[in-house]
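Just so it is clear: chains get the letters A, B, ... in the order the sequence lines come, proteins before strands, and each one is counted from 1. The figures that follow rest on heavy atoms only: side chains count, while hydrogens, waters and symmetry mates do not.
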Amino acid sequence: MTNATAEIKDDRKYRSLWGDVWSQFRTHRGAMIGSFVFIGILLAVSIGPYLWTLDPNYADVRNRNQGMSWGHPFGTDQLGHDMLAQVLQGGRISIAVGLTAMMLSLVLGTFVGVLAGYFKRLDGILMRGTDLFLALPILPLLLVIIMLFRDTLRGMFGPETGIFILIVFIIGITSWMQTARIVRGDVLALKEREFILAANSIGTPARRVISRHIMPNILSPIMVSATLGIATAIITESSLSFLGLGFPSDFPTWGRLLFDGTQRIAQAPSRVIFPGLAISLTVLSVNFIGDGLRDALDPRIRGR
Amino acid sequence: MLNFTLRRLMYTIPTLLLISFIIFIVLDLAPNDPTGNLPLTIPPEVRAKIRASLGLDAPMYIRYLLWCQQFFINEPLNLFNEWFGWCIGDCEGRLRVTSWATRSPVVDLIAERMPQTLWVVGMSYVVGIMIALPIGVISAYKQYSWFDQFGTLIAMIGFSVPTFFTGVLLIVIFSVWMPNDSFFWLPSIYDTTLDVVDWDSFVKQMRQMIMPVMVLALYNAAQISRFMRASMLDNLSQDYVRTARAKGLKEKTVLLVHVLRNSMIPVVTVIALGIPQVFGGAIITEQIFKVNGLGQLLIIGIQGADIPLVQTLTFLFAVLIVLFNLVADVLYGLLDPRIRYD
């Protein structure tokens, strides 16, 4: 008898946590479409410039302000730059800014949130600081900081790297507060759980409790804030460029292209539509991914 | 409740002072010279005199305290003087916060610009709320219907597509592609000199407000309708709704009296919290439609390195944020009897 029971095979498929998350994520139609669109945009801006080999900075003076045609699918601008090449090139910078600024704000937010949640002594001062940052008028301050520090950083790191560092840095340090609050709340709840008590009682040092037991459990809110962070960072960067205070014209991003296009909106409407569509599609797809991730990572929804 | 409000009010004072100090430091640290834009032919000693006349030769903390005195003491006293005719202290020679670029008091500049911003921003917020509330209610009541699905998609688009793209898109459609004499043609530039005296100028004013208001309203409506829907859904599954239905109340009464009133509590606070953000977002919309409101004033000030103007405006934005945070907290306590702060 014992042999017979041993031979019964377990037909149930092995299910892992991330497998469950993935299968829930796949049922969210918007999130799936969003993922495909976002991956498409990432592919387009990363390998697109190798396929569409026109130089974005080559000024074809004879073909200025052209509409859409086979030679220039998105038209050309007032100096004869090919808009498709510019949009692809601009996308690289916009998305790079979005990703790096998101990483920076995520690291800062998680750091502050974990410290405030785990160490009671730091909680008061860190959260007061977070509240203070939340009360700062972000957009006016960003504008002021860029306007005032632009030239210094340009002199220090060169025109392109300087402005890139400045924009990523200030977007990063002004957008970590939401993440910090969410992470702190989760850490506070986790700290009361038995497995943390167990870890503490066998003498695990705080840094190891945080890295082994706390971090894996707060991964899901961090992932959701990460997707939303990309969206906000891209929008903030484009708004700054749109106000004429972001990247310079010869180093175009989507927001900058849109800004340059609005000045000649009557002659060439297509110049504003394509960069604008690119920003909107990226942000929309990222937001849908975030929505799907939130549902997929929520265990109360996942079971159904 | 009163106790709580007073305590919070006391707490906002150091917060605001700290914020004003941070803004001052940021502006002061900047390696930027307000005399940098003047012609190079001005001899250095004259340049030094110009700097002295702007008060730039004093140490940082003195300049900060001076700004504080001018903004927190002299300006309110001046307002009293103008509004009620009360003269406290030295009314004529009182130092006010003065713009470096125009040499006129900053508060007067702001008062000049305020109506345009309030009209466009306030109107857009009201329109946004009026659109959002019914959409939120219906999509919660008919959850997962086509209306709900469609509403979700529109809301997602509404807060994903940045206002500078929707604004520019509307301009392309209604100002560029639409023929000039068509009824649907709308002006892309907001004309502030327009006086509303008769029906014709009123129509003109409405037409030039449609686009900026709609751009901001769509953005606000997207967020508020999501909150409304979520809050309605929370309440619809509560026991008191079943009780109300079991008593034989009409569905309309259940929905609009019982559920809606309870669902409005968090939504009202969200609306209050959103007001300062709308002012911030209006900076971009004002730039698109060339409305000469506060946002444009800020941009001009930043471009001209007009430190007192920028300092005062940025600080006013911070005051708005802190104030409406307080309003939201107090409202929440007033509306929801379960919340007790004491």
For chain B, which of A/L277, A/L281, A/V286 has the most heavy-atom pairs under 4.5 Å? A/L277
Contact origin within B/L320 toward chain A - heavy atom pairs under 4.5 Å: neither
By a 4.5 Å heavy-atom criterion (distance strictly below it), what part of A/I273 contacts chain B: side chain, backbone, both, or neither? both
Under a 4.5 Å heavy-atom cut-off, does chain A meet the side chain of B/I302, its backbone, both or neither? both
How long is the span from the CG atom in A/L240 to the CD1 atom in B/I284, to the nearest 0.5 Å? 8.0 Å
To the nearest 0.5 Å, atom OG of B/S160 lies from atom CD1 of A/I279 at 12.5 Å
If you measure from OG on A/S239 to CD on B/Q287, what distance do you get to the nearest 0.5 Å? 12.0 Å
A/L136 side chain near B/I19 side chain, heavy-atom distance below 4.5 Å: yes
Non-hydrogen atoms of chain A under 4.5 Å away: do they reach the side chain of B/F324, the backbone, both or neither? neither
Which residue out of B/V319, B/I321, B/N325 racks up the most heavy-atom pairs below 4.5 Å with chain A? B/I321
Could you check whether atom OH of B/Y64 has more than 12 heavy atoms from other residues, nucleotides or ligands sitting under 6.0 Å from it? yes
B/V322 portion near chain A, given a 4.5 angstrom heavy-atom threshold: side chain
Non-hydrogen atoms of chain B under 4.5 Å away: do they reach the side chain of A/D291, the backbone, both or neither? side chain
Apply the side-chain contact (heavy atoms from CB on, under 4.5 Å) test between A/V272 and each candidate in B/L169, B/V176, B/V172; give the one that qualifies. B/V172
Report the residue from A/V144, A/L141, A/L143 that forms a side-chain contact (heavy atoms from CB on, under 4.5 Å) with B/V310. A/V144
Pairs meeting criterion ring-ring contact (aromatic ring centres under 6.0 Å, His included) with involvement of residues 152-182 of chain B, two or more places apart: A/F242-B/F164
Tell me, yes or no, whether the heavy-atom count around B/F150 atom CZ, taken from other residues, nucleotides or ligands under 6.0 Å, exceeds 12. no
Residue selection (most heavy-atom pairs with chain B, distance under 4.5 Å) from A/P275, A/A231, A/A135, A/G255: A/A135
For the OG1 atom of B/T152 and the CZ atom of A/F288, what is their distance to the nearest 0.5 Å? 8.0 Å
Bottom line for A/L284: the part with an atom under 4.5 Å from chain B's heavy atoms is both
Sort B/L313 into side chain, backbone, both or neither according to what part of it lies under 4.5 angstrom from a heavy atom of chain A. neither
When rounded to the nearest 0.5 Å, the distance separating OG1 of B/T15 from CG of A/L132 is 7.0 Å
With side chain to side chain contact (heavy atoms under 4.5 Å, CB included) as the test, would you mind laying out the steps for B/V26 and A/I145 before giving the verdict? CA-CA 7 Å; B/V26 168; A/I145 296 175; 3.8 Å; yes
Between CG on residue A/L243 and CD on residue B/Q296, distance to nearest 0.5 Å: 11.0 Å
Identify which of A/S238, A/G261, A/G30 forms the greatest number of heavy-atom pairs closer than 4.5 Å to chain B. A/S238
Has A/F36 got more than 12 heavy atoms of other residues, nucleotides or ligands less than 6.0 Å from its CZ? no
